[in-house]
Each structure stands twice: as structure tokens, then as C-alpha cells.
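Structure first, commentary second.
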Amino acid sequence: MAALVLPAALLVFTLLVAPMALLARISLNHYSPTELMVEAFTAENYIRAVADPYYQQVLATTLGVAFLCTVLTVLLGFPAAYWLARMESNRKSIATILTLLPLLVGNVVRSAGWMALLGNEGGINAALRALHLTSGPLQLLYTPGAVIVGITAVVLPYMVLTLAAVIESIPRQAEEAAANLGATASTVFRRVVLPLSLPGVAAGSVLVFILCMNAYATPLLLGGPQFKMMAPAVYDQFVRGNNWPFGAALAFILLVATLVLTVIGSMALSRRYRG
Amino acid sequence: MSTLVLDRLRKRYDRTTAVERVDLTAKQGELVALLGPSGCGKTTTLRMVAGFIAPTDGRVLIGDRDVTQVPVHLRNTGMVFQAYALFQHMTVAQNVAFGLEMRRVERAEREKRVAEALRLVRLDHLADRMPRQLSGGQQQRVALARALVVNPAVFLLDEPLSNLDAKLRAEVRMEIRALQQRLGLTTLIVTHDQEEALTMADRLVVMERGRVRQIGTPEELYENPADVFVASFVGNCNLVAGTLERPGSFRTQSGTLLPCTSEAPAANDGLVLALRPERVTVTPGEGAPGDIRAQVTAVTYLGAQTEYHLDLNGTTLRASRSTPLHDDPLRRIAPGEKLTLSWDAASARLLPAETETGDET
Amino acid sequence: MAESRGMFFKSAVVASYALMLAPVVMVIIISFFRQEIISFPPEGLTMQWYVNAWERREFARGFVTSLQVAAIATAIGVPLGTAAAYALARAKLPGREAISTLLLGPLAVPGVVAGTALYMFYLRAETWLDQDITATLSGLVAAHVLLTIPWTVRLVTASLQGMDRSAEEAAANLGARPPTVFMRVTLPMLRPGVVAAALFSFIQSFENLELTLLLVGPGRTTLPVAMLSYLEFRMDPTLAAVATVQILLVTAMMLITDRFVRLSRVI
Amino acid sequence: MTISRRTLLSGSAALLTAAATGAPKNAVAQAGGQVVIGTWGGDYGELLRQLIDQQFTAQSKIEVLQDIGNNSPRKSKLLAERQNRRGSMDVSCLSDSDTYQMMQQNVLDKLATDRIPRLGTVIEALRKDYAVPHIYSAMVILYNPSKVTTPPTSYADLWDAKWRGRVGLSDILYNYNTAVAALAGGGSMSDFGPANKRLMDWRSLDVKIYPSNEALATGLKSEEVWLAPMWLARGYMWKKAGIPLNHVVPKEGAVPVVYEAAVPRNARNKDNAWRYLNAMLEPQAQIGFAERMGYVPTVRDAQLPAELAREISLTEAQQATLKTPDHAYLLQHTASILDFWNKDFKG
């Protein structure tokens with residue numbers, strides 16, 4: 001039976017681990033503007049990436065956005081997940097499809113939708129102008145706010161679906177029992193539903209955090225030229241700068257940062273959940 | 001403790017009526033059982049009392065207070081759920097303390113009352129356990145303690161014993177009854193088990209397909225069932241269709257005449273004769289001429305009781321009696337042999353035959 | 001109980017769905033705007049972008065390619081992932097934690113990083129094997145199978161954990177050999193998990209951009225890549241028209257799926 | 001359920017078979033083989049298709065496939081694939097500085113002059129032995145005549161304090177924008193030294209940076225910005241699209257851009273590629289690009305209508321002052337230019 005794990009493991013090994021090893025090797029090479037990549041065994045790319053205040057800032061931005069978006073996603077996603085989980089089954093199919101639909105539309109299209117909404121000539125500014133609430137256009141697009149809204153919207157369905165599955169497994173009667181004992185709706189939520197769905201919150205947060213850290217299309221399209229997150233910065237180095245060793249080093253820094261924080265986060269959450 | 005009044009309570013969903021006009025007054029300290037097969041509306045009724053379901057019409061009164069519009073958490077009912085619904089993330093003591101916390105009872109007072117409640121259900125030694133570490137019976141008692149500790153105005157039990165094994169069920173049944181009587185709790189219990197209802201309740205409400213069939217004490221229901229459904233659902237009953245040929249004599253569809261002195265409820269035909277098996281006396285041997293005679297088709301030994309399946313020229317009856325002693329000739333009766341039957345003609349009731357009209361569609 | 005929920009709850013639900021659906025709705029709206037550079041209010045309404053979208057064959061072709069790649073990747077990845085999840089849950093494997101981390105790995109590596117690494121790896125492999133890999137269907141499908149593995153392992157594992165094992169024991173007791181038990185009892189019981197895995201695998205493959213970016217070739221571009229390529233050069237509503245058609249098709253597909261497998265019970 | 005599952009299974013089985021039997025690398029195969037053109041999308045790709053591909057295929061029976069993307073990923077692909085025996089492109093469309101870089105990296109094949117008869121008609125100044133010039137334009141100053149009443153005359157005028165917050169730049173043209181800054185600061189195409197200070201000045205004047213040329217067009221349309229250094233050809237297109245714009249050729253001399261096409265060494269279909277390059281130089285195609293996109297022909301025998309010529313070409317005098325990029329210098333400094341642009345200017 002153990003052999004059943006082999007095909008999948010081999011596939012991931014060949015198509016992920018081996019290429020990443022190749023990338024790791026490249027990250028130790030030396031970059032030269034004329035020859036591009038010189039075989040070497042140097043840590044200079046890592047040292048440069050860590051020491052450069054610009055990339056420190058990019059990493060900090062990425063972490064900040066990922067953290068903020070994860071928190072927002074939990075706050076917004078929990079009620080939505082509860083609503084979805086406790087819905088009668090005939091309407092629930094529609095609600096489930098509505099939750100899945102954005103996932104199938106893709107980040108590029110959704111970003112285009114946000115651009116049409118947030119642009120200076122976009123829907124929101126036009127509405128504000130029509131209501132005489134503003135004179136000039138509000139700068140909404142190409143701001144960190146636009147990126148946070150965009151990324152939150154992208155990862156929300158994952159959180160909602162993860163949490164809904166967990167909430168569904170909480171017996172409704174536990175909530176009814178609490179209400180019967182005198183708990184208001186918000187107390188039921190705080191004292192019964194929330195503690196029982198903590199494992200789901202942990203799983204969802206880890207997933208969402210990773211997705212936020214790795215966000216590419218949304219920050220690229222909504223953040224504007226002055227806003228940089230790690231994944232676009234990595235791609236920039238590979239494609240615009242043709243500096244593969246440095247791009248590879250940045251990629252590994254992003255990967256390690258994500259993994260370390262994910263592990264710490266899930267350990268903290270699971271300890272709290274057990275305690 | 002207060003009285004509980006259900007006043008023309010009704011619940012309609014889009015197309016179906018779950019509960020059709022329930023009127024009921026439970027006196028202070030009275031235990032009323034809602035009895036019926038699954039889907040009869042008993043749980044819906046209970047949940048309307050608790051406030052989980054809003055009634056379409058009618059009112060719920062606890063004491064003098066109309067609570068129909070009062071949200072669940074302000075009704076002060078104590079409910080025990082079928083699967084207990086214990087909070088899996090809290091200890092036994094925390095579970096029991098929850099309702100008191102919601103009522104903002106001070107910590108010292110709270111701890112005292114939690115300890116009292118746990119002592120009452122003999123679980124004081126398990127206060128710090130988590131629910132999943134307890135047996136089914138223990139979890140049941142936690143649920144009881146949790147509902148009782150808040151001094152509810154009305155005590156509600158939703159099939160509280162269905163998850164327990166037979167022996168435990170009988171024990172807990174007596175415990176709940178004793179507790180309820182000691183504390184003088186006005187109680188509504190939902191059950192589909194007629195034995196449970198008969199042994200625990202002061203009064204029973206028999207429901208079927210959203211309608212109340214009969215309300216009465218266990219004795220009234222057993223001795224004087226209002227219709228065929230109640231007769232068959234409460235206890236065992238022989239039900240034989242036929243006509244009242246003349247006062248005192250009932251003719252079954254297969255032509256056999258059976259003695260019966262009770263009054264026909266309606267016309268003389270289209271009737272059902274209801275006769276409890278334990279009211280039928282069986283004697284071995286031929287008997288006197290004019291006696292009712294029957295052939296034994298099966299004998300079921302039930303320990304304390306023995307049941308005889310009888311054939312009277314095409315009409316089947318069951319008789320039951322305490323298992324005869326070793327030297328009693330009845331003890332050796334086998335299928336194929338004949339028996340003589342008799343019963344008090346007054347204990348056979350006549351009921352109208354069931355008609356399907358008038359049921360909800 | 002829903003009626004007694006507070007304002008915060010209701011507004012959070014509304015905000016949440018507004019956030020998820022607003023860009024989608026917006027895209028549908030602007031697909032009818034007449035002006036080329038999108039601005040509000042519209043200068044008029046038109047269907048011309050739909051005509052344009054239809055004439056640009058790369059979108060229709062991209063849609064077909066995306067469907068094809070997603071279907072094949074799902075058909076390969078879900079069985080592999082299910083088998084692995086089953087082995088991880090039931091077999092006594094040395095280094096189980098490590099293997100399960102490995103299998104969830106594709107989720108943790110940023111798409112652009114994995115895509116670039118895979119592209120370079122493919123190029124090396126092409127030299128060693130003297131065989132085309134980049135820009136081929138097989139190369140693309142292999143990469144997308146990689147995407148499906150972690151989702152399948154995740155969802156099927158969750159399903160396995162919630163499963164009552166007595167039915168499997170009953171089957172074994174009735175004389176079924178382990179493979180038969182798996183095929184006849186375990187797998188059917190895991191169906192919601194497997195269907196969810198298939199759905200998510202399909203979604204992950206269908207909408208993937210980052211991993212795919214460097215692996216597509218001329219004449220074989222997936223829809224998201226075709227859309228990004230278009231967006232890079234033009235911001236007219238053609239893209240919105242393509243997306244609207246895609247939304248309609250995808251919704252129809254999900255409604256059909258829902259008739260056979262209740263999505264609300266799967267997810 | 002059984003039925004649907006079976007249909008699903010058989011459906012995927014069919015797909016699997018299709019994958020296993022290995023459909024040919026490209027769906028349709030023409031008698032003359034194919035040629036893969038690595039090109040930009042949008043109007044450029046569309047015009048290639050309309051003005052060159054269709055006729056080319058009709059005459060030669062060679063199928064033309066476009067590999068659409070921006071020049072940066074195209075360059076990365078060329079570089080990544082250069083060790084491989086077979087590359088993915090037969091023709092690569094790139095800007096002049098890009099082709100120079102690719103030539104330096106030994107990616108491109110020398111032009112087979114005998115296979116491209118129309119090379120002889122190419123304007124002398126644009127000739128190279130590793131790439132064919134396809135179209136060209138120059139970086140002028142676009143302005144909104146209703147807002148800007150006294151038009152600027154030089155790149156340096158873009159630093160006038162009265163245009164604070166009204167100058168827009170396209171992010172993807174960072175090296176050309178840096179060149180503009182260098183020229184405005186008194187530098188040259190071989191000395192970008194003065195550019196950095198100028199860029200920082202721009203920054204303090206609230207210059208607006210747009211992520212792409214198209215986004216800049218939106219900014220000009222909404223009159224968020226009034227001035228922009230931009231290709232004359234783009235200005236022509238945008239004017240046609242209804243954006244109120246005029247242009248001036250700067251006193252310092254405009255920076256030209258030539259869009260070229262070259263053939264990688266490891267192209268699979270080199271013969272077809274040479275034929276395609278030749279087709280790109282046909283006068284009709286060249287005029288078509290001029291009419292539709294505003295780029296100037298690179299061949300002497302493509303006669304533009306006088307009206308159009310006035311709108312998109314430079315006068316003899318203006319042509320004489322063109323500041324042709326020093327590609328070697330640019331290549332050496334491209335990393336530091338990008339770094340400064342990203343970190344100091346934008347950051």
C-alpha cells in the first residue's frame with residue numbers, strides 16, 4: 001500500500017524539487033551584465049538581497065500585505081462561511097457556485113474588473129462625482145489599498161470554503177443549546193462557533209497567507225509602478241533584468257520567509273487550539 | 001416554575017403543515033410527554049416552545065408571560081438535546097456554568113451552583129473532564145445538569161434517552177422523573193417510545209401528522225383511546241374490523257362473533273374493536289358450549305410474559321399473560337392446539353374505522 | 001437563527017460577497033461599453049467587443065486549450081493524489097510527515113518561481129533527451145498535474161479523516177481483498193472528497209497564469225495567458241467580453257455539474 | 001450518477017489518448033511548413049497578421065504562428081534557450097537595443113543577405129548585419145493643447161515647475177525616460193550621468209508614473225496629466241482615438257527607436273524566417289503600419305501620403321539631430337539604470 005504514494009511523490013520530486021534545486025544552484029552563480037551568468041559558488045546574491053534596503057522594503061511590504069489580507073480574510077470570511085454553511089440546501093448550491101465562480105474567472109480578469117471600478121474614470125469615482133461628493137478624482141487605483149482589496153478578494157473564496165466545511169461539522173444543536181442557556185447570537189458565535197472552528201481558521205489562514213505572499217498578477221496590475229511585492233520583483237529580475245542568479249536568490253528568500261512564518265503561525269494557532 | 005400554555009399553536013411551511021393547532025396547558029410541576037412517530041410534529045412543537053422555530057399562528061405562554069416573540073436566549077427554558085449538544089471545547093464544569101455566566105451570576109455563586117448541580121446528577125468527581133472523555137450516560141447527565149442549573153421556567157427534553165442502551169435508559173428515566181418531581185419542574189418531553197411516555201408522564205399528547213390525536217393521563221389513553229391510531233400507538237392492542245351486529249355482539253369481517261358491550265361511537269358498521277391482549281384470558285381445553293374457541297398459531301415466550309397468537313376462524317387475535325408456572329397445562333400449549341378465550345365484554349372498546357379524509361395534503 | 005444575527009454579521013457577509021463578486025460583475029458591465037478606453041459613465045453600449053473577441057481566434061483556442069489541459073491534468077492528478085493521500089493515511093510509512101510536506105509543496109512555492117524553475121529545468125531536459133518539452137501539450141499538462149496534487153492530497157485526506165472505517169471492516173469481513181475494499185467501499189465513500197479535489201484541481205489548472213506563463217507556445221496558449229498577453233497591449237473591453245463569455249460557460253458547466261453532484265454537499 | 005460518471009470517464013479517456021498519441025506540436029500543418037514569430041500583441045501583432053501574414057501564407061503556403069508577449073520575456077526566452085539545439089522562435093521582433101543585446105549574447109544569426117532581396121531598399125542609417133529594421137519612430141513630447149497653451153520646446157521644459165504633477169511617464173520605457181532625463185540634464189546617449197539628478201527633480205515635481213503606455217493614454221484622456229515624453233507613433237494613434245494631443249520634437253534632438261526583427265541561431269525554420277523578414281520590408285506592409293500605427297517606414301520605396309507623412313515623420317533637420325542610442329553603453333548600464341529607476345526614482 002505504501003507504494004501508492006510513489007507516483008505522486010516522484011512527480012512532485014521531478015517537477016518541483018529538481019527544478020528548485022537547479023534554481024538553488026543558479027542562485028549561487030555570479031551575474032555579469034555582459035555574460036549574464038558566470039558559474040560560481042558565491043553567496044553574494046543573498047547577501048546583496050538581504051543587505052539592500054530596497055529589497056528589505058519589498059519583503060516588508062509583502063509580509064505586511066500578506067498579514068493584513070489574512071486578517072481581513074478571516075474577519076470577512078468567517079461570517080460568509082457561517083452563512084454558507086448554515087444555509088438551506090436548495091439555495092446553497094447557488095451560493096456555492098457564486099463562491100466558486102470568482103476562482104474560475106482568474107486573477108487577470110478580476111484585476112481588470114477592479115481597474116474599471118477603481119480607476120480615476122472608474123465606477124466609484126464616477127459615482128462620487130455624480131453625487132457631488134468629490135470634485136477631483138480620488139486616487140484609488142495604483143495604491144496599496146487597491147492591492148489589499150484585490151488580494152483579499154482573490155483569497156476570500158478559499159477561506160470561505162475552508163471555514164464553511166469546518167462550520168458545517170459543528171452540530172447546530174450546540175449553538176441551540178447555548179442560545180437556550182441564555183447566550184445572545186454574538187455570544188453563541190464567540191463562545192461556541194469560533195472556538196470549535198479554530199482548526200479551520202488555522203488551516204484557512206495558513207493557506208491564505210501563502211497565497212498572499214505569492215501574489216503576482218494582482219499587485220502587478222493594481223499596485224502601480226511604485227508598489228512592489230516579492231513575486232513580481234522576482235519575475236522582474238528574471239525577465240526584465242535578466243539577472244537570474246539574483247532572481248533565484250530573491251525567490252528562495254521569499255520561499256523561506258513564507259515557510260518559516262507559516263510554520264510558526266500554525267504552531268502558535270494549534271497550541272492555542274489545544275490549550 | 002411556571003405553567004406552560006400552548007395556545008392554538010400552528011406551524012406551516014411552504015406546502016406542508018408541520019403542526020396543526022396544538023392547545024395544551026401544562027400545570028406547574030407537571031410532566032407532559034409529546035408522543036408520536038417520527039415526523040408527527042412533536043419536535044417542531046418543542047422547538048417552538050424553546051423559540052428555535054417561530055410559529056405561524058398561536059401563542060406560547062410561560063407563566064403569565066407571552067413569549068411567542070421573545071428570542072431564544074431570553075425565554076429561560078432548560079433544554080436537553082437528543083445528542084446532548086455538549087460544548088466539546090469546554091470541560092464538564094464549564095459546560096454547566098455556561099448558562100449561569102450568561103445570566104451574569106457571580107463567580108462564587110456560580111461555582112457553588114455548578115457543584116450542586118453536578119452533585120445532583122452524581123458527576124461531581126468528573127467536573128474537569130472534557131465531554132468526549134465521558135460515557136454516553138455521563139454525557140446525558142451533564143446535559144441534564146447544564147439545563148437544570150439555571151432554574152429554568154420550563155424544562156424541555158428532546159428524545160433524551162434515545163442514545164442510551166436499554167438498561168441505562170430505564171435507570172435514567174427514573175432518575176429524570178425523580179428529579180423532576182423533587183424540583184417540581186414543569187416539563188415537556190418529546191419521545192417516540194410509548195413505554196417511556198407512559199412511565200414518566202403525568203399526561204400525554206399523542207400526535208400524528210401534525211395533529212393532536214388525544215391528550216390525557218396514561219390511564220385515560222390506555223383504557224380509553226380516542227381512535228385506532230392512539231390505541232395502536234399506546235401499548236399493544238388487538239384491532240379487529242367489523243360491525244356491531246346487535247348490542248353486546250361484534251361481527252368481524254370473517255364472520256366471527258365477539259362479545260362487546262361498549263357503545264358504538266357512530267354508525268353500527270365500519271367499526272374497529274380494540275382489545276388489549278392482556279385482557280384476553282386463555283384457558284386450555286374445550287370449555288363450555290358457547291365459549292369462544294381459537295387455534296394457537298404461535299407462542300412467544302418473553303420471560304415474564306408469554307404471548308399467544310390465535311386464529312378464530314380467520315380472525316386473528318393476540319393474548320398475553322404472565323408466563324404460566326411449570327405445572328400449569330398452559331405452559332405446554334403448542335401451535336395447532338386449541339384454547340378457550342374469554343374477556344370482560346366491557347373492556348373491548350369500539351372505535352370508528354380510520355378514514356384517510358381530513359388529513360393534510 | 002439567521003434573523004437574529006447582528007448588523008456586523010450581515011454587513012460582513014454582504015461585504016465579503018461584494019468583494020468576491022464586484023470585479024466579476026464589473027467585467028460583465030464594461031464588456032458592453034462603447035468607448036475603447038474604459039471610463040464611466042459609458043458613452044454608449046455595443047456588442048462590438050464580442051465580435052472582436054470572436055474574431056481574435058486566440059481566445060477561443062485558448063479556452064479550448066485551457067479546458068483540455070485542465071481536464072487531462074485533473075484526470076491524471078486526482079488519481080495520483082488520491083492514491084497518495086490514501087497511502088499516507090493508512091499505510092505505516094517511514095517519514096510520513098516529510099512526504100506529506102513534499103506533496104503539499106507545489107502550494108507553497110510561488111507560481112512565478114516554480115514556473116521559471118520548471119522552464120529552465122525543461123530546457124536542460126530538452127538538451128539531455130533531445131526532445132521537445134516546453135511549448136508541448138505534455139510539458140504543459142505535466143506542470144498542471146503538479147498543481148493538482150496538493151489540492152487533491154489536502155481534500156482527500158480531510159475526507160479520509162472524517163470517514164467511518166467500520167464499512168471497510170465490514171467489506172473485509174465479507175471476504176473482500178484490500179484492493180476490492182478500496183475500489184468498492186473506500187472510494188465510493190470518499191466520493192465527495194474526490195469530487196471536491198477534482199473540482200479544485202480543475203480550477204487551479206484552468207485559471208493558472210504564473211506557472212504557465214513560460215511553458216506555453218505559439219498556437220498553444222491557455223486562456224489566462226492569452227488574456228494577459230492581450231491586456232499588456234490593449235485595455236479595450238474585448239477582454240471583458242471574453243471574460244463574460246467565459247463566466248457564462250463556466251457557470252453553465254457548474255450548474256450541470258451540480259445536477260449530478262450536489263456542489264453544496266461536496267465543498 | 002453511473003451514467004454521468006461513465007461519460008466523464010470516457011471523456012477524459014479520449015483526452016488522454018489524444019495527449020498520449022502526441023498531437024503534432026502545432027495543431028494545423030501547412031504544406032510549406034511554418035514560421036513562428038515572437039512578437040508583441042495588440043495592434044502590432046494584429047497588423048503583422050493583416051498586412052504580412054495573410055499574404056505571406058497565401059503565397060508561400062507557410063503557416064505563420066505568433067508567439068505573443070512583451071520584449072522582456074521574449075529576450076529571456078531567447079537567452080534561456082540559446083544553449084538548446086532548437087529554439088522556440090524563428091523570427092524575433094525586438095527593439096534596436098534589445099537586438100543589440102541579443103547579438104552580444106550570441107543569440108542571433110547573421111542575416112542571409114542573399115535570401116532577403118529587399119534589404120537593398122533599407123535606409124542606410126538603419127542597416128545592420130544581424131537584424132532587419134521594420135518600423136521606427138522617435139520620442140517626442142506629447143501635450144494637451146487645451147491645457148498647455150505655450151508648448152514646450154525641449155525635453156528640459158518638462159521640468160518646468162508650472163507642469164508640476166502634470167507630466168506622465170510610462171514605466172516600461174524606463175531606459176528611454178532615463179535617456180530623456182540625461183539629455184535634458186546636458187548628458188548624451190553615451191553619458192547618462194546627469195540623468196539621476198534630473199530624475200530625482202522630476203520626482204519632487206510629482207511626475208506621474210503609469211504602469212504601461214496604455215495606462216498613460218488613460219491618464220492623458222482623463223486630463224490627469226497634460227504632457228508626456230512618448231513615441232510620436234503612439235501620439236498619432238491616440239490622437240486618432242480621440243485624445244486631444246499635439247506633439248513637439250525637442251530641441252535636444254529626439255531619441256529614436258527602431259523595431260527590428262531577427263532570426264535566432266537555433267531557429268527551426270530558418271528558410272521560412274528569411275522569407276518572412278523579406279516580406280516585412282514590402283512597401284505595402286510598411287505603408288500599412290504607417291497608416292495604422294504611425295510608425296515610419298524603414299525602406300526608401302514606401303511612399304506615404306503627404307498628409308500622413310507630415311503627421312508622423314520628422315523633417316530633414318529634425319532627423320539630423322536624432323540622438324541614436326549607444327547600445328553598448330546602454331547594455332553595460334541597463335542593470336544600474338533599472339535599479340536606480342526602481343529603487344531611488346520610484347521607491
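So that the names make sense, note that chain A is the first sequence line, chain B the second, and so on, each numbered from 1.
- Interface remark: A:R191 contributes backbone and side-chain atoms alike to the contact with chain B (heavy atom separation under 4.5 Å).
- The six-membered or imidazole ring of A:F67 lies away from that of A:F209, with a centre-to-centre distance of 6.0 Å or more.
- With a 4.5 Å cut-off on non-hydrogen atoms, B:R103 touches chain A through its side chain but not through its backbone.
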Would B:S162 and B:Q82 count as a side chain to side chain donor-acceptor pair (under 3.5 Å) if you check the C-alpha gap in whole Å, the side-chain angles of each, and the deciding distance to 0.1 Å?
CA-CA 7 Å; B:S162 61; B:Q82 186 171 4; 3.3 Å; yes

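- Both the backbone and the side chain of B:R146 come within contact range of chain A, with heavy atoms under 4.5 Å apart.
- A salt bridge does not link A:E88 with A:K92: every distance from a Lys NZ or Arg NE/NH1/NH2 to an Asp or Glu carboxylate oxygen is 4.0 Å or more.
- For the residue pair B:Q180 and B:R177, a side-chain donor N or O sits within less than 3.5 Å of a side-chain acceptor on the partner.
- Between the side chains of B:T3 and B:Q28, no donor-acceptor pair of N or O atoms lies under 3.5 Å.
- With a threshold of 4.5 angstrom between heavy atoms, B:A143 does not approach chain A through any atom at all.
- At a 4.5 Å heavy-atom cutoff, the contact between A:T187 and chain B is made by side-chain atoms alone.
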